[in-house]
J.: 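I'd like to ask you about the structure that follows.
FYI, the numbering just counts along the sequence from 1. Just so it is clear, the model here is predicted, and its values are computed rather than measured.
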Amino acid sequence: MLGEPEHHLLRVRRPRVRAGVGVAARATIVELAERSGTSPATITRFCRAMGFEGYADLRLGIAAETGRARSAGWTVDIGREIQPGDPLERVLGQIMAADTRAMHDTAALLDLAQVERAAVAIAGASRVNIFGASGSALVGEEMQFSLHRIGVAAWAWSDVHEGLASAALLGPGDVALGISHTGQTRETIELLAEAGSRGATTVALTGFPRSPLAELADLVLLTASQATTFRPDALSARHPQLVVLDLLYIAVAQRTHDRAHAAFRRTAQAVDGHKAAKGATS
């Protein structure tokens, strides 16, 4: 995230797919598996998850989409740099295209069985700690707010001293979530390590499955990103991170339905009096 050191559902050992769309359209399934650091079987499962019969159909779909992209021009082109003099219409198109691609890439990386394990851990936790620095702290605060609204005892910490003090009070049955796109933010690594040493279940949200943060976590939520000019990887990962955490939040709410529904209703009623009356004018 913004301000993070540059050195976006549990352990995902596959690296991000770095092969371009054109390369994927021309590669064999074995070649694509090697380029993406995964296996032909995983590629086949991904194709079926995306609604294709197999890899051949995926290649045809990519070819068709590439043709549409070329005919549409820059509005779907995320490979070109954003220049200082570009009109806002083009900049908007670049951002939308980059975010859309990042969302799809993130969805392809998610291991939903492991997401469920994370949701179960949080749903049954006595305490949930969320750690992140700078821009990652903002993402963590969003998750803390969401969990708090459904009655989950969650805290978001960005200060390392306060975070360490809180992590030291965790124990078995508690959960600690560390957020860092690079997975190399020292403070977040230290906080998650402290929580893990106390017996808490540790979860990492990162874009790099072999990063220090991911390696020490019990579970890894992996995100992808599509960088553009003025929005490097760490910043462009923000929206995919929020999508993954929103999925995790909904999964927790599903598994605590009665409690979550009652808590959300009470919290909504508590703030309802501070909303402007319908038809009121300023």
J.: Kindly give the heavy-atom pair with the smallest separation between A123 and R255, and that separation in Å.
T.: CB-CB, 4.3 Å
J.: A side-chain contact here means heavy atoms from C-beta on lying under 4.5 Å apart; do F208 and H181 qualify?
T.: yes
J.: Give the minimum heavy-atom separation between L222 and G207, together with the two atoms involved.
T.: CD1-C, 3.6 Å
J.: For the residue pair L213 and T185, establish whether any side-chain heavy-atom pair is separated by less than 4.5 Å.
T.: no
J.: Are V244 and F145 connected in the hydrophobic side-chain network, where two residues link if heavy atoms are under 4.5 Å apart?
T.: no
J.: For a 4.5 angstrom cut-off between non-hydrogen side-chain atoms, does Y249 reach I150?
T.: yes
J.: Heavy atoms only: give me the nearest G132-A137 pair and the separation to one decimal.
T.: O-CB, 3.4 Å
J.: Taking ILVMFWY side chains as joined if any heavy atoms are under 4.5 angstrom apart, and letting links pass through other members, which residues group with L138?
T.: none
J.: Same cluster for M143 and I250 if Ile/Leu/Val/Met/Phe/Trp/Tyr side chains link at under 4.5 Å?
T.: yes
J.: So, does T182 use its side chain to make a donor-acceptor pair with the main chain of Q184 at under 3.5 Å?
T.: yes
J.: Can you tell me how far the OG1 atom of T267 sits from the CG atom of D272, to the nearest 0.5 Å?
T.: 11.0 Å
J.: Please report the closest heavy-atom contact between A224 and T106, naming both atoms and the distance.
T.: N-OG1, 2.9 Å
J.: Roughly how far apart are S158 OG and I179 CD1, rounded to 0.5 Å?
T.: 11.5 Å
J.: CZ of R186 to OG of S180: how many Å apart, nearest 0.5 Å?
T.: 12.5 Å
J.: Strictly by modelled atom types, are R117 and T201 linked by a side-chain donor-acceptor pair under 3.5 Å?
T.: no
J.: From L248 CG over to L177 CG, what is the distance, rounded to the nearest 0.5 angstrom?
T.: 7.5 Å
J.: Do L112 and E116 have side-chain heavy atoms sitting under 4.5 Å apart?
T.: no
J.: So V139 and L245, side-chain contact (heavy atoms from CB on, under 4.5 Å) or not? Walk me through it.
T.: CA-CA 9 Å; V139 175; L245 290 179; 3.4 Å; yes
J.: Can you confirm whether V203 sits close enough to L192 that some side-chain heavy atom of one is under 4.5 Å from a side-chain heavy atom of the other?
T.: no
J.: Does CZ in R259 sit with more than 12 non-hydrogen atoms of other residues, nucleotides or ligands closer than 6.0 Å?
T.: yes
J.: Return yes if some donor-acceptor pair links the side-chain N/O of Q144 with the main-chain N/O of A156 below 3.5 Å, else return no.
T.: no
J.: Measuring from atom CG of N129 to atom CG of L164, what distance do you get when rounded to the nearest 0.5 angstrom?
T.: 10.5 Å
J.: Between R48 and E53, is the closest basic N to carboxylate O distance under 4.0 Å?
T.: no
J.: May I ask you to decide if E162's main-chain N or O and S166's side chain share a donor-acceptor pair within less than 3.5 Å?
T.: no
J.: Using modelled atom types and a 3.5 Å cut-off, is there a donor and acceptor pairing between side-chain atoms of D99 and backbone atoms of M96?
T.: no
J.: Verify the distance criterion only: is there a donor paired with an acceptor across the side chains of T42 and R45 at less than 3.5 Å?
T.: yes
J.: Answer with yes or no whether the hydrophobic clustering places V160 together with L216; edges join I, L, V, M, F, W, Y residues whose side-chain heavy atoms lie under 4.5 Å apart.
T.: yes
J.: Assigning hydrophobic clusters by single linkage (Ile, Leu, Val, Met, Phe, Trp, Tyr; side-chain heavy-atom cutoff under 4.5 Å), is L247 placed with V175?
T.: yes
J.: Indicate the atoms forming the closest heavy-atom contact of R127 with D174, along with that distance.
T.: N-OD1, 3.1 Å
J.: According to a 4.5 Å side-chain heavy-atom criterion applied to Ile, Leu, Val, Met, Phe, Trp and Tyr, with indirect links allowed, do L205 and V152 form part of one hydrophobic cluster?
T.: yes
J.: Would you say the side chains of D218 and T202 form a donor-acceptor pair under 3.5 Å?
T.: yes
J.: Between I95 and V91, is any pair of side-chain heavy atoms under 4.5 Å apart?
T.: yes
J.: How long is the gap from CD1 on I189 to CD on E194, to the nearest 0.5 Å?
T.: 14.5 Å
J.: Can you name the salt bridge (charged side-chain N to carboxylate O under 4.0 Å, His left out) partners of D246, sequence neighbours left out?
T.: none
J.: Search all heavy atoms of A167 against all heavy atoms of F131 and return the closest pair with its distance.
T.: CB-CZ, 3.9 Å
